[in-house]
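Structure record follows, encoded as structure tokens.
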Amino acid sequence: MKLCHAPLSPFVRKVRIAAMELGLNDRIELVPITSSPVAMNPELAKINPLGKLPALVTDDGDLLFDSAVIVEYLDALAGGGKLIPAKGADRWRVKRTEALCDGLCDAAVLMRYEVAMRPAEMQWPEWIAGQKQKVTQSLDALEGQAWLFDDKIEIGKIAAACALGYLDVRFADLGWRKRCETLARWYEAFAKRPSVDATKPPPS
Amino acid sequence: MRLKLHWAPTSPYVRKVMVAAHELGLADRLDLIRTTPANVVADVAAENPLGQIPTLVLPDGTAIFDSLVIVEYLNALAGGGLVPDAGPRRWQTLTLHALGHGVIDAANRRVTELRRPPAEISRRLLDMKHAEIGRALDAIEHAPPETGRVDVATIAIAVGLGYLDYRFEQEPWRDGRPALAGWYAAFASRPSMGATMPTA
């Protein structure tokens, strides 16, 4: 399989951690993609017309995106029900948590683009504040969740780790650990998993 | 069982869920709680910290989001066929859904950008999102879904096209895309689409 990737993308990282946890890492070839929100990579556009990472080309030649779909595919390939419970209340909690953490990343990425991609006079403080509120409310919702501390590995926890790792790289000054001490304790332990450690984003 | 849905009449994300609910015969089980762009974060925060609609709330208070997860939940509840259970058909359907959802996201990003104070509107961003939509529609034109196919992917594509017509009425997305235009005309005549037309 070929996975289009970039080292700083939290969504790519989610897929890579999932692959490692599922024992599928050695079946995946990484295809580095140089792209920016304003300069479309033509190779990526052939796989995902939206130009978004990650995108996967399976051994059967199927083109798959977005990250949640790729994770489901890998989970099924590994037998199913490994990172995503197949049904019942647990499934919806895990899928909701993944959506929450992906949404947190989306908001953080929008904050980042606002500052990095626009001249100062075109930045909109209310917009940045709105995205920041989504980030902090999502962090607050994760804080104190008991299931974080059980010993199961599932995609909600992986997505949470990717979101927190992204905040550390891009928004170190946000100080989320002070706000969410329990979450910080969980992350410190979870980040020691080989899959999480091996996919740590390089300093930006 | 009654279900609560945080809802607004013009949100394409909400419409995706509503079309699915109509197709599954579940629409009359939903209690719609109306919100507005100005109030959505406050209205929804207790149940969805992202402050986004749609958010579904079960009788025991459990929240379900985002829109795809809600459709999957409703589909499981109704034993429907909007999301294939397994196999290549599932991955292909979910990827095509992501493409349709991407059209909605890009169109929505343009709408949001155009709400900024005029001096702060980025032409570059508008052009980029316009191009993204164009590439996605070209890809669908190249391999359009078969007529009569109703699932989460075709619903997302139809809602995306409906949203383009609603927000960017003058833009000729149909030009040069006859297969997509024909497919959409047929899909848009479904009662589920008629019952969920965006209204200001």
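Basis for what follows: all heavy atoms, side chains included, without hydrogens, waters or symmetry-related copies. All chains are named by letter (A, B, ...) in the order of the sequence lines, taking the proteins before the strands, and each is independently numbered beginning at 1.
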Do you know the tightest heavy-atom contact between [X] and [Y]?
X: Q137(A); Y: A45(B); value: NE2-CB, 3.9 Å
X: P88(B); Y: D62(A); value: CB-OD2, 4.5 Å
X: A76(A); Y: W91(B); value: CB-CZ2, 3.4 Å
X: A136(B); Y: L50(A); value: CB-CD2, 4.0 Å

Chain B heavy atoms under 4.5 Å from [X]: which part of the residue, side chain, backbone, both or neither?
X: Q123(A); value: backbone
X: R93(A); value: neither
X: L110(A); value: side chain
X: E121(A); value: backbone

Select one option (side chain, backbone, both, neither) describing which atoms of [X] are under 4.5 Å from chain A's heavy atoms.
X: Q52(B); result: side chain
X: I70(B); result: neither
X: A86(B); result: neither

Which is it for K52(A) and E132(B) under the salt bridge (Lys or Arg N to Asp or Glu O under 4.0 Å) test, yes or no, and what are the steps along the way?
CA-CA 10 Å; K52(A) 288 185 179 149; E132(B) 205 171 293; 3.7 Å; yes
Quick check for you: to the nearest 0.5 Å, what is the distance between [X] atom [atom1] and [Y] atom [atom2]?
X: T55(B); Y: R96(A); atom1: OG1; atom2: CZ; result: 10.5 Å
X: Y73(A); Y: R90(B); atom1: OH; atom2: CZ; result: 14.0 Å
X: N48(B); Y: S138(A); atom1: CG; atom2: OG; result: 7.5 Å

Could you check T112(B) against W127(A) for side-chain contact (heavy atoms from CB on, under 4.5 Å), going step by step and ending with a plain yes or no?
CA-CA 10 Å; T112(B) 315; W127(A) 166 265; 3.3 Å; yes
Answer whether the closest heavy-atom distance between the side chains of [X] and [Y] falls below 4.5 Å.
X: D138(B); Y: P49(A); value: no
X: M122(A); Y: R116(B); value: no
X: D66(B); Y: K95(A); value: no
X: S122(B); Y: R118(A); value: yes
X: L100(A); Y: P49(B); value: yes
X: W92(A); Y: V69(B); value: yes

Ranking I70(A), V69(A), T58(A), L63(A) by heavy-atom pairs under 4.5 Å to chain B gives rank one to V69(A)
Exceeds 12 heavy-atom contacts within 6.0 angstrom, atom [atom1] of [X]:
X: D85(B); atom1: CG; result: no
X: E181(A); atom1: CD; result: no
X: R2(B); atom1: CZ; result: yes
X: E146(B); atom1: CD; result: yes

Output yes when a side-chain donor or acceptor of R124(B) lies under 3.5 Å from a complementary backbone atom of M117(A), and no otherwise.
yes
Among residues 93-103 of chain B, which ones touch chain A with a heavy-atom distance under 4.5 Å?
L94(B), T95(B), A98(B), L99(B), G102(B), V103(B)
Any carboxylate oxygen within less than 4.0 angstrom of a Lys/Arg side-chain nitrogen, looking at E126(A) and R115(B)?
no
